[in-house]
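The structure appears below as structure tokens.
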Number of protein chains: 2
Amino acid sequence: MNRFVSTFTNKIDAKGRVSIPAPFRAVLERDGYAHGSVGGLYCYPSLDAPALDAGGERLAKKIDGLLSGLPDYSDERDELSVALYGDVQVLGLDGDGRISLPESLRAHAGLTTQVTFVGLGDKFQMWEPGRFAKRRERAREKVQHTRKLFSAGNRHSSPEEGGDEGARG
Amino acid sequence: MNRFVSTFTNKIDAKGRVSIPAPFRAVLERDGYAHGSVGGLYCYPSLDAPALDAGGERLAKKIDGLLSGLPDYSDERDELSVALYGDVQVLGLDGDGRISLPESLRAHAGLTTQVTFVGLGDKFQMWEPGRFAKRRERAREKVQHTRKLFSAGNRHSSPEEGGDEGARG
DNA sequence: GCTTTTCCCATGGCATCCCATATATGCCCA
DNA sequence: TGGGCATATATGGGATGCCATGGGAAAAGC
């Protein structure tokens, strides 16, 4: 497995440390994270959510790829560079697979005592558990709505239940 | 056979483990489940039913397919990602073909002592047996209704009825 | 010198692995 | 054709290893 999937919720301890879920660490290592030495977890505030985005080398390369598509010295590129790179922190994992989150990052996501890690394939996000619950609810509603558009006309199921022929997958 | 069909009911033991019905395991293995090692069963709350959806690699790829149409780092993609990936748990099968269900998933489906596995082709669902019985009853009524609409001439059954029979255990 | 960060170790809970058993299924042979 | 054996499957329990978490000590920064 080399994608981030599943969600996990871990504690922030008194020193501000959080364990990266073991499955995510495994993905990071496969992705080129030098175990025990430097290398790192690329982490930055999500552009459109009170959360943090994070990932390994692959994520960094993807960002590079996005930028390389834009002409040098264009306003667009400058803005995107700032947005994407400006707030990036490279966090080091300690021997036990933990990171410590800088105050600026913690503030952006409203993190206090717990962190919910959400796998999103190439990257993962870190949320304050309560906020994530709300966000997820919203996202689910949206998907339901989209699904109904997809399936309009070819299903007879009621909206509530029984519609197990889901286009969710 | 590489589709999930039939229904089976198995017990949840004291540790929260459930045996995946052997026929379903066979499908998962064909689908690319790395036996004995990592890899897994992708599992998430059904969008519109008090049940869990689950499947193997094929299901995961289907989800990826939905996202691949959207540009990276768009708001739309992030939101959809959260909805599709955010709820997904990757469950590992132990040597005896069992999974252990996290509390969050169990809660969504109201699972306590037993699980009814319902094959749906590319994926399968996990239901609390009582709830599934009710839902099936409703489905039957609907089928009857649909048949009347079709009126005479169209004799073969509607999709709902195909795999429901054959409960065991 | 004091505070903050990093490293290392201890521990307890939980998940996984392994083995044992009972029940059902199919097959073989009488 | 029927009985019995062999295999597969589901389920239970014990043990072991991993992992998240906490705390202390050493190192680095102010």
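The structure displayed is predicted, hence computed values, not measured ones. Reminder, nothing fancy here: chain letters follow the sequence lines and each chain counts from 1.
Residue A:Leu101 holds its CG atom at 6.5 Å from CZ of A:Arg106, rounded to the nearest 0.5 Å. Annotation: the span from A:Met126 atom CE to A:Ser46 atom OG amounts to 10.5 Å, rounded to 0.5 Å. In this structure, the separation between CG on B:Asn10 and CD1 on B:Ile20 is 8.0 Å, given to the nearest 0.5 Å. In this structure, the separation between CG on B:Leu59 and OH on B:Tyr44 is 4.5 Å, given to the nearest 0.5 Å.
Taking the six-membered ring for Trp, B:Phe8 and B:Phe117 have ring centres at least 6.0 Å apart.
Each end of the helix from C:dG1-D:dC30 to C:dA30-D:dT1 yields a helix axis from five base pairs, and these two axes differ in direction by 30° (to the nearest 10 degrees).
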Under 3.5 Å between N/O atoms: give me all the protein pairs with nucleotides 17-20 of chain D, atom names plus distance.
{"residue": "D:dA20", "atom": "OP1", "partner": "A:Ala22", "partner atom": "N", "Å": "2.9"}
{"residue": "D:dA20", "atom": "OP2", "partner": "A:Arg25", "partner atom": "NH1", "Å": "3.0"}
{"residue": "D:dA20", "atom": "OP2", "partner": "A:Arg25", "partner atom": "NH2", "Å": "3.4"}

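OP1 or OP2 of C:dT16 sits under 4.0 Å from a side-chain N or O of B:Ser100.
One can place CZ of B:Phe8 at 17 Å from C1' of D:dT11, the figure rounded to the nearest angstrom. Per the geometry, CD1 belonging to A:Ile12 stands 15 Å off C1' belonging to D:dG22, to the nearest Å. In this structure, CZ of B:Arg17 is placed 7 Å from C1' of D:dG12, rounded to the nearest angstrom. Taking atom CD1 of residue B:Ile99 and atom C1' of nucleotide C:dC17, one finds them 17 Å apart after rounding to whole Å. The distance from atom CG of A:Leu101 to atom P of C:dT6 is 12 Å, rounded to the nearest whole Å. Rounding to whole angstrom units, CG of residue B:Asp94 and C1' of D:dT11 are separated by 11 Å. One atom, CG of B:Leu93, and another, C1' of D:dA10, lie 14 Å apart when rounded to the nearest Å. Regarding A:Asp13, its CG atom lies at a distance of 14 Å from the C1' atom of C:dC7, rounded to whole Å.
Residues of residues 111-121 of chain A having a heavy atom closer than 4.0 Å to DNA chain C: none are found.
Of all non-hydrogen atoms in A:Arg3 and A:Val27, the two that sit nearest each other are O-CG2, 3.6 Å.
Using a distance-only test at 3.5 Å, with no hydrogens or angles considered, no donor-acceptor pair links the side chain of A:Ser100 to the main chain of A:Gly16. Under the 3.5 Å distance criterion, the side-chain polar atoms of A:His108 are matched with a main-chain donor or acceptor of A:Ala51.
Looking at which nucleotide of DNA chain C each of A:Arg98 and B:Arg98 is closest to, the 5′-most match is held by A:Arg98.
Between A:Gln89 and A:Leu52 the shortest side-chain heavy-atom distance does not fall below 4.5 Å.
Applying salt bridge (Lys or Arg N to Asp or Glu O under 4.0 Å) to B:Asp31 and the options B:Arg58, B:Lys61, B:Arg25 leaves one that passes, B:Arg58.
A salt bridge links A:Arg140 to B:Asp87: at least one charged side-chain nitrogen sits closer than 4.0 Å to a carboxylate oxygen.
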